[in-house]
Structures are given as structure tokens and as C-alpha cells.
Amino acid sequence: MDSPREPAPAGCLLLLVAVQIAYPLTDGSARDVVTVAVVLASAGTALIHAAVTRGLRYAAGFGVIVSGIGLVAEAVGTATGFPFGAYEYAVGRLGPALFDVPLMVPLAWTGGIYPIWVVAGILCRTAAARIAATSAGAVGWDLFLDPQMVADGQWWWADSDSGLPGLAAIPWTNYLGWFLVAGLIAGALTVWDRAAPPTRRVGVPVLMFLWTWLGSALAHAVFLGLPYSAAYGGVALGLLGVPLLVRTVRTGLGRNDVPGGDAAGPVAWRR
């Protein structure tokens, strides 16, 4: 039976789209406010969808795992330079901080990882493949995120001349760090996923993923003046996005499109 709360994840997704559209239309302190709103809407969409479809306990655990590991990784990173390279955050622009890490940052990990985790589960048949796909997808997402935030002055690296062509200000070690941390998160989520039955309602996170992938590529290329991150992020996140689109066009989301699909019955694109 459908819950009366079913529209909530879709409403959060619409809010996320609206505030992300507002981002290139602002600057200065107004853009900082919009950045915080994007993080809150992203994490809210993820956690509300998880709570509605898999239960409040599962959603709380998901948030604690992803934001917790994200915070530890960021705190270690800012203190030691491992695993992302030596970097630091601007002071006071994204609200309160803990261990020199704005609290919006680990919350952003939750909002960013959730749709990638769900899509990786649709595409992959084994836990190991899902972990690897989640790690690769997280790197793809970061190829949008870090160039955008560096251009806005939210954070920066000590080594600003050893990155990818066109993105020299972000060292290549950052992407290796993202792959490793996302793999650790995905490994923990593999265990936590046993806490609740798999959901058949994956439409919102799938649309969230597609918006992140295609919307970010368009925004970076046309509105933010970041053509290199548009290309890198578009290709890297497309490693999941293209198979997702092909699978959807050919077969839709069917019986085996999420881990545990055989036990859960037919899977449909529902909120």
C-alpha cells in the first residue's frame, strides 16, 4: 500500500533542482546561501527517499555511515593531506565546522553518494562490482564538484599545478582519494543494506542521478564557464549513466534491477 508520505521524496527532488538552477544566477554571499541550500536539499532528498522506501532506521544508518566516514576522511585530509592531497577550506562560508571541516561537507557526501549507490545497485549483479561502480561514480561526481567549488573559492589545494589538463588546480591524488574513500563507504553500505528489504521504488534516486550527470554537464559547459569539468565529469559519470539509459530504453527496470530483486518481486520506477 502506498504511504501518504510518498510525494515527499519527489518534492525534495524538485526543490533540489530549483536551488541548483539558482546557483549560477547568484554570486558572493548569496551564492554561499544557495550552496548550503543545495547540500541540504540533496541530503534531504536522499534520506527522505531512503526513509520512505526502506524505513527510518535504514535511512538513519545510511546517513551516519556516509556522513561519518566522509567527516573522518575530510578531517584526516585537512590535517595530514591524506588521501586527497593537502588542502583547506575557506573559513565561515558554509556554516559551522568541526575539525576545520564545514559540516555541510560530510552532509554533501550523503546526498551525492545515495543516487550513485542506487544506480550501481541497478547495474551490478555482485557486491564487489557495486562497490567498484560506486567508487567510480563518486569520482565522476567529484569531477563536477571540486572544480566548481575551487572556482568559487570554497576550498583549494597547496599543490595547484599537477592536475588533469584544464584542471591543474586539483591534484590527481584527490581523485584517487575519492575512489578509496567511496570504496570504503560502499563496503560499509554493502553490510548495512542487509538491515532492510530492497526497495522497488527507485525512480527518485535514478532521476536525481540523471539530473546530477546531465544537468551538471550542461551547467558547467554553458553557465559556469567550466568546459573541462563538464567534459571530464560527463564522461566519468557517464560510465554509469550510459548503461543506465541503455538498460532503461531496452528493458525498463525489471525483476532483477536491484540487489535482492528476485526476492522482492518486480521492480518498477516509482517514487
Side-chain angles (χ1 to χ4, degrees), residues 15-16 18-44 46 63 66-113 138-164 166-182 185 212 215-216 219-221 223-230 232-233:
L15 176 62
L16 172 62
V19 292
Q20 287 184 318
I21 289 174
Y23 180 89
L25 304 177
T26 60
D27 55 24
S29 60
R31 177 167 286 187
D32 291 346
V33 172
V34 171
T35 301
V36 170
V38 168
V39 173
L40 294 176
S42 176
V66 180
S67 290
I69 294 176
L71 176 60
V72 171
E74 297 280 355
V76 171
T78 54
T80 69
F82 176 84
F84 307 108
Y87 67 106
E88 60 182 295
Y89 288 98
V91 177
R93 292 186 58 185
L94 296 179
L98 182 64
F99 307 120
D100 296 323
V101 179
L103 293 179
M104 287 296 107
V105 171
L107 199 58
W109 278 85
T110 291
I113 290 293
V139 173
W141 173 50
D142 185 60
L143 282 162
F144 290 126
L145 176 67
D146 270 324
Q148 182 175 330
M149 294 296 101
V150 167
D152 197 34
Q154 296 288 0
W155 56 78
W156 54 87
W157 272 262
D159 177 3
S160 59
D161 196 31
S162 64
L164 296 168
L167 299 179
I170 304 169
W172 66 268
T173 52
N174 173 64
Y175 308 114
L176 177 60
W178 268 79
F179 189 88
L180 293 174
V181 174
I185 289 172
T212 299
S216 294
H220 281 229
F223 300 107
L224 298 176
L226 298 170
Y228 287 97
S229 57
Y232 288 128

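Reckoned from all heavy atoms, side chains included, excluding hydrogens, waters and symmetry mates. Here the structure is a predicted model, which is why all the values come from computation and not from measurement.
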Contacts under 3.5 angstrom, residues 173-182 side chains, donor-acceptor by atom type, not counting sequence neighbours:
unit_1: N174; atom_1: ND2; unit_2: D142; atom_2: OD2; d: 2.8
unit_1: N174; atom_1: ND2; unit_2: D146; atom_2: OD2; d: 2.9
unit_1: W178; atom_1: NE1; unit_2: D142; atom_2: OD1; d: 3.2
unit_1: W178; atom_1: NE1; unit_2: D142; atom_2: OD2; d: 3.4

**OP:** Mind jotting down which residue pairs meet the salt bridge (charged side-chain N to carboxylate O under 4.0 Å, His left out) criterion with at least one end in residues 70-84? Sequence neighbours excluded, please.
**Re:**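 Non-adjacent pairs meeting salt bridge (charged side-chain N to carboxylate O under 4.0 Å, His left out): zero.
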
Original post:
Does any pair with a residue in residues 89-104 pass salt bridge (charged side-chain N to carboxylate O under 4.0 Å, His left out), and if so which ones, sequence neighbours excluded?
Top reply: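 Checked against salt bridge (charged side-chain N to carboxylate O under 4.0 Å, His left out) - neighbours excluded - the pairs reaching residues 89-104 are D32-R93, R93-D152.
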
Can you see which heavy atom on [X] is nearest to which on [Y], and at what distance?
| X | Y | value |
| --- | --- | --- |
| S162 | D159 | OG-OD2, 2.5 Å |
| G111 | A46 | CA-CB, 4.3 Å |
| S42 | G112 | OG-N, 4.0 Å |
| F99 | A75 | CB-CB, 3.8 Å |
| L94 | P102 | CB-CB, 3.9 Å |

For [X], check side chain to side chain contact (heavy atoms under 4.5 Å, CB included) against everything at least two apart and list the hits.
| X | answer |
| --- | --- |
| S229 | P147, L167, H220, L226 |
| V150 | W155, W157, A169, I170 |
| A41 | L15, L16, V19 |
| T110 | L47, F62, V66, S67 |

Original post:
Who are the ring pair (Phe, Tyr, Trp, His ring centres under 6.0 Å) partners of Y23, not counting sequence neighbours?
Top reply: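 If we apply the ring pair (Phe, Tyr, Trp, His ring centres under 6.0 Å) test to Y23, skipping adjacent residues, there are no hits.
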
Original post:
Would a 4.5 Å heavy-atom cut-off, applied to side chains only, mark T212 and W141 as touching?
Top reply: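 With C-beta onward as the side chain, the pair touches.
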
Subject >> Counterpart residues, side chain to side chain donor-acceptor pair (under 3.5 Å), relative to T26 (two or more places apart) >> reply: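 Result, side chain to side chain donor-acceptor pair (under 3.5 Å) vs T26: none returned.
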
